[in-house]
Amino acid sequence: MPELPEVETIRIGLERLIVGKRVVSAEHDYLKSFPNSEDDVKRFLLGQTITDVTRRGKALIISLKSGYSLLVHLKMTGQLVYDGGRVHFGAGHPTSSLVGELPDKSTRVILGFEDGSKLYFNDQRKFGWMRLWPTKLIDELEFFKRLGPDPLSDGFSWQDLARRMQRRSGSAVKPVLMDQSVISGVGNIYADESLWGAKIHPATLIAKLKDQDYRRLHASIREILSLSLSHGGSTDRNYVDAEGKRGNYLKFARVFRRDNEACPRCRTEIKKVKLAGRGTHFCPNCQKAK
DNA sequence: CACTTGACCTGTCCGC
DNA sequence: TGCGGACAGGTCAAGT
């Protein structure tokens, strides 16, 4: 579910809400969601204070004084929701929440803090995970080793984008954009949105892209991720931020989930097709196949 | 080797 | 209302 803007929105919320808090309890019911042993939990999590919350690609790193970190990947339907006891969660409330009373049947892990507040890790489809891992050894995990650069980072140029994408010359551009080892953080929503912004058909082969295409794509990716971040990300179905609130980007989306609507640039009807197994939205006039 | 497909899960929506 | 099938924002292993 969450891509870079959603994970970053959660990170910003957690940084404000849980840094400095001491963990006093941890409950988990589903092994895949939290594979550490009870012994690990006792030694590296319980009694520990949270020192910071960072992000790499779509993963979150919640660091603890013990020298261990809680690594979290939300995959498709994961949520990290903080309950300080003052927020009233009401499922279906239009402005606030998709989250009802917590815990609910999708709750996999509950962390309790010294002040009585709690952090819930919910994950309907059970694809996501949370695990304790030594902070110093994060770079040695395959998952983090493979991650490409963050497209919003300062030093990330259009030449970097071009060079990295060109390693996959035989592929269509959209799956390459979503390949986390090429750049990290773009998923299905922002791949479609970025390609519309750059006027590139999602099935265009990498080998056919020119410098000008990479310049537009680079600008488009950064513009769209920043715009979404400023609206708290996209809520399609499950996504909520650390306080249970929806994101608003989809109100501004140009093609994603807008099939059969008019392209905002040329009024041509937006199409939806399946590409590399994923729902793909584009304007057949602005984004011509090459 | 590079690239594509299926599996992992549950819930929802759509057509019959 | 019930049932089968397709689909959902991610990643990895297995297959071609």
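Proteins come first, then strands; the chains are lettered A, B, ... in the order of their sequence lines, and each starts at number 1. As the structure is a prediction and not an experimental result, all values here were calculated from the model.
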Whether [Y] and [X] form a salt bridge (side-chain N of Lys/Arg under 4.0 Å from carboxylate O of Asp/Glu) is what I want to check.
X	Y	result
A:K21	A:D115	yes
A:K208	A:D213	no
A:R163	A:D160	yes
A:R164	A:D179	no

Counting heavy atoms from C-beta on, name the nucleotide in [options] closest to the side chain of [X].
X	options	result
A:K58	C:dC7, C:dT11, C:dG9	C:dT11
A:K272	C:dC7, B:dT10, C:dG10	C:dC7
A:S171	C:dT11, B:dC3, B:dG11	B:dC3

Can you measure [X] atom [atom1] to [N] atom [atom2] for me and round it to whole angstrom units?
X	N	atom1	atom2	result
A:E3	C:dA8	CD	C1'	12 Å
A:D179	B:dC3	CG	C1'	11 Å
A:I10	C:dG10	CD1	C1'	14 Å
A:L74	B:dT10	CG	C1'	16 Å
A:F127	C:dT11	CZ	P	12 Å
A:Q79	B:dC9	CD	P	19 Å
A:R164	B:dA2	CZ	P	15 Å
A:N188	C:dT11	CG	C1'	13 Å

Which part of the nucleic acid, if any, lies within contact of [X], taking any heavy atom under 4.0 Å across all strands shown: a base, the sugar-phosphate backbone alone, or nothing?
X	answer
A:G279	sugar-phosphate
A:G277	nothing
A:Y190	nothing
A:Y30	sugar-phosphate
A:S169	sugar-phosphate

Phosphate oxygens OP1/OP2 of [N]: is one of them under 4.0 Å from a side-chain N or O of [X]?
X	N	result
A:Q124	B:dC9	no
A:H73	C:dT11	yes
A:R278	C:dG10	yes
A:K32	B:dC8	no
A:K75	C:dT11	no
A:K105	B:dG11	yes
A:K274	C:dA6	no

Checklist entry - So which nucleotide does C:dG10 pair with, by the Watson-Crick or G-U wobble rule with both distances under 3.5 Å? => result B:dC8

Checklist entry - Is there a Watson-Crick or G-U wobble partner for B:dC3 with both distances under 3.5 Å, and if so, which one is it? => result C:dG15

Whole-Å [atom1] distance, [N] and [M]:
N	M	atom1	value
B:dT12	C:dT11	C1'	23 Å
B:dC9	C:dA14	P	15 Å
B:dT5	C:dC7	P	14 Å
B:dC3	C:dG9	P	23 Å

Item to check | First encountered from the 5' end of DNA chain C, between A:R125 and A:Q180 | outcome: A:R125

Checklist entry - Does the gap between the ring centers of A:H281 and A:F256 come in under 6.0 Å? => result yes

Next on the checklist: Check for me whether the distance between the ring centres of A:Y30 and A:F121 falls short of 6.0 Å.
Outcome noted: no

Item to check | Base of B:dA2 paired with side chain of A:R168 (donor-acceptor, under 3.5 Å) | outcome: no

Item to check | Verdict with reasoning, A:H73 to A:F127, per ring-ring contact (aromatic ring centres under 6.0 Å, His included) | outcome: CA-CA 9 Å; A:H73 201 301; A:F127 290 173; over 10 Å; no

